[in-house]
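A, B, ... follow the sequence lines: proteins, then strands. Residue 1 opens every chain.
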Amino acid sequence: MASPDKPINTDVPEKNAFALHFLQTLSNLRTQNPFNSPNKTNDRVTKIKKAAYVSMARAAGGTNRLWSRALLRRAAKEDNKIVRLRKKRVTWQRRRRNQRAPEVERLRKLVPGGGGMETSKLMEETAHYIKCLCMQVKVMQCLVDGLSPK
Amino acid sequence: MENELFMNTELPPPPEMAVHFEPPSSSSPTLNWALMDPNLSRNSSPPQDCFPWEKSTEQQQQQSFFDSALSSLVSSPTPSNSNFSGGGGDGFMIRELIGKLGNIGNSSGEIYGAPMGNNNGQESRSASCYATPMSSPPPPMMSRTTPLTEFSGDPGFAERAARFSCFGSRSFNGRTNSGLPINNGNIVSSGKLTRVSSTPALKALVSPEFASAVSRPMIPAGESNPKLPGEFSRKRKSASKGKPKENPLSTASPSPTFSKTAERKQDWNGKGIKISEEKGGKRRREEEEEDKDEEEEGNKSNSTKPPEPPKDYIHVRARRGQATDSHSLAERVRREKIGERMKLLQDLVPGCNKVTGKALMLDEIINYVQSLQRQVEFLSMKLSSVNDTRLEFNMDTLVSKDVMIPSSSNRLHEEGIQCESSNHHQQLNNYNNNSQLHPNISSSNMMLQSSMNSLETSTLARSFTHLPTLTQFTDSISQYHMFSEEDLQSIVGMGVAHNPNHESQNMKIEL
């Protein structure tokens with residue numbers, strides 16, 4: 001009886017979409033910095049990680065989700081690009097900040113874009129985020145397994 | 001506090017109440033019929049003069065009242081009617097109207113029938129939305145058939161009547177009462193007068209003589225209302241139980257013994273969203289149980305829940321003993337929402353079912369998310385070391401072609417060996433150059449890092465053994481292309497069927 005507004009939607013994103021996008025960005029990465037640049041291993045790791053997250057966000061429906069929006073925005077910011085996402089109104093006053101449970105605050109930090117969310121929204125986003133992460137991990141695991149020599 | 005409220009609600013002086021209700025009705029009569037119902041039904045008729053044809057004589061006033069009532073019935077802006085006030089009788093229209101109104105009147109009569117008996121003492125109560133139809137003031141119309149003729153001239157009338165017909169009794173009620181000019185200044189009697197439900201009026205329409213005969217006596221009946229408020233709440237509640245749907249307010253108000261004041265504010269502030277009380281999650285129930293003892297003197301019938309509210313409202317229902325001011329209601333709704341989402345998360349996160357308590361559950365969730373994120377990091381590290389040469393080829397083919405033929409395991413293996421060699425070759429370089437950065441990963445692709453030392457040597461050895469094949473590698477690039485294509489496809493296809501054991505192993509090692 002609480003929320004007849006709309007059902008909580010946590011669809012699992014397309015793993016193929018994610019894989020495709022991820023692989024594309026990986027190949028782009030490869031062309032950008034030649035593979036025999038061993039000094040940049042660490043850099044490359046972060047880049048790959050970022051690519052993974054960005055492609056996950058893309059696969060998860062782009063800007064429909066708050067966390068994916070936050071991810072894309074952050075990524076774009078890192079690239080020094082001008083971010084132009086359609087603005088969504090977040091009608092949520094930041095009240096009771098001090099009273100909130102510390103666990104929720106921790107979760108807020110974990111979920112991208114969680115800082116400005118209402119708690120119930122945060123939960124919803126977290127659910128979706130977890131699903132996407134699972135998918136991402138699976139696909140990446142498969143990639144690693146397949147690419148690495150047997 | 002609740003006791004206080006109880007007392008207050010039970011015995012308010014009727015006139016005061018009438019005064020109290022006035023402002024909302026006058027301020028926003030059209031906003032929400034359901035909400036307005038009670039106000040309107042007992043409103044003391046704000047003197048809004050939207051009816052230019054009103055005249056000073058009492059009869060005319062009565063007439064105007066009738067007009068206003070009718071016009072409001074018809075759900076059209078009243079002023080429009082005024083234009084046609086002088087119109088001649090259009091028999092067809094009238095008949096149509098009468099037919100419709102008659103139906104509605106009947107239905108409303110049924111609806112109001114139940115509460116009627118209870119209503120008598122209820123005058124003080126805010127919630128008497130189902131006013132007794134009989135107590136309503138047909139007097140205005142008793143004398144005249146003329147108002148009808150006025151309507152008949154209105155071209156949009158039929159339309160409005162049609163619309164009106166679908167209004168249902170509830171909106172109807174609100175309408176009728178919205179514009180009653182007749183009661184001006186007559187606060188005491190207004191309570192009864194305004195209870196005008198359309199029915200009598202309609203009957204009067206059909207047979208004015210009858211109405212005139214009947215309507216007069218009606219008023220005194222209405223006047224007799226304010227008495228015995230105490231017993232009343234319960235009776236009324238039982239009556240209202242049956243048909244809360246027709247009048248959402250009745251559901252909220254009949255159980256009003258507590259929380260009246262706050263609720264009233266909410267109900268009558270004219271907003272579309274009505275937060276009445278809600279009965280809710282476990283916590284609430286617990287609270288209720290705790291409070292039950294204290295409130296036993298109060299009404300016991302409160303536990304009866306009203307059926308589903310209309311969808312437009314956020315319907316909140318408080319159990320006994322719960323705070324009912326808007327803030328705590330909202331807070332309760334919020335908590336409920338959160339709980340709902342938590343359940344959802346609980347299903348997602350493994351091992352979360354066993355944990356009880358929100359904090360622990362959140363901890364579990366946080367841990368899970370963190371582990372997933374770390375896993376991604378780890379995998380990306382692995383990928384960074386793995387995908388040196390192969391990915392380049394893979395990409396183009398993958399993008400260009402969608403459907404691939406599943407590759408035979410032999411070829412894959414072959415390719416794997418070749419690739420392995422190349423990878424290891426490069427790994428060697430990496431390892432030599434910066435062994436301090438990611439020694440474990442760069443050195444061993446598929447090896448588990450737990451057995452680092454032993455594996456390192458083995459990798460090195462293997463890479464050396466495969467070095468000869470590396471020379472072939474450059475020759476067979478075209479072949480490689482094909483292979484890699486298939487390989488990737490299989491990889492992607494593998495997505496779901498991927499081995500969990502492996503993953504968990506990796507995770508363990510990673511952690």
Begin with the C-alpha distance, continue with both residues' side-chain angles, and end with the deciding distance and a verdict on side-chain contact (heavy atoms from CB on, under 4.5 Å) for B/Leu362 and A/Met123. CA-CA 10 Å; B/Leu362 271 174; A/Met123 298 295 172; 3.7 Å; yes
Would B/Phe378 and A/Lys49 satisfy side-chain contact (heavy atoms from CB on, under 4.5 Å), going step by step from the backbone distance to the final call? CA-CA 9 Å; B/Phe378 170 68; A/Lys49 196 171 76 176; over 6 Å; no
Verdict with reasoning, B/Arg334 to A/Thr119, per side-chain contact (heavy atoms from CB on, under 4.5 Å): CA-CA 8 Å; B/Arg334 191 184 78 98; A/Thr119 312; 3.4 Å; yes
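One distance of note links NZ of A/Lys138 with CG of B/Leu379; it measures 13.0 Å at 0.5 Å rounding. Rounding to the nearest 0.5 Å gives a distance of 11.5 Å between CD of B/Glu336 and OG of A/Ser120. Atom-to-atom distance recorded for A/Leu133:CG and B/Leu348:CG is 11.0 Å, nearest 0.5 angstrom. B/Arg341 contributes atom CZ, which lies 7.5 Å from atom NZ of A/Lys121 (distance to the nearest 0.5 angstrom). Once rounded to the nearest 0.5 Å, the distance linking CG of B/Leu345 with NE2 of A/His128 reads 12.5 Å. Considering CE of A/Met140 and CD of B/Gln375, their distance stands at 9.5 Å, rounded to 0.5 Å.
In this model, no donor atom of one side chain and acceptor atom of the other lie less than 3.5 Å apart for A/Tyr53 and B/Glu377.
Between A/Cys134 and B/Tyr368 the shortest side-chain heavy-atom distance falls below 4.5 Å. The shortest distance between side-chain heavy atoms of A/Arg106 and B/Asp363 falls below 4.5 Å.
For B/Val376 against A/Ala52, the heavy-atom pair with the smallest separation is CG1-CB, 4.4 Å. Taking both residues in full, the closest heavy atoms of B/Leu372 and A/Ile130 are given as CD1-O, 4.0 Å, listed atom of the first, atom of the second, then distance.
Counting only distance, with no hydrogens or angles, the side chain of B/Gln370 and the backbone of A/Leu110 share no donor-acceptor pair below 3.5 Å.
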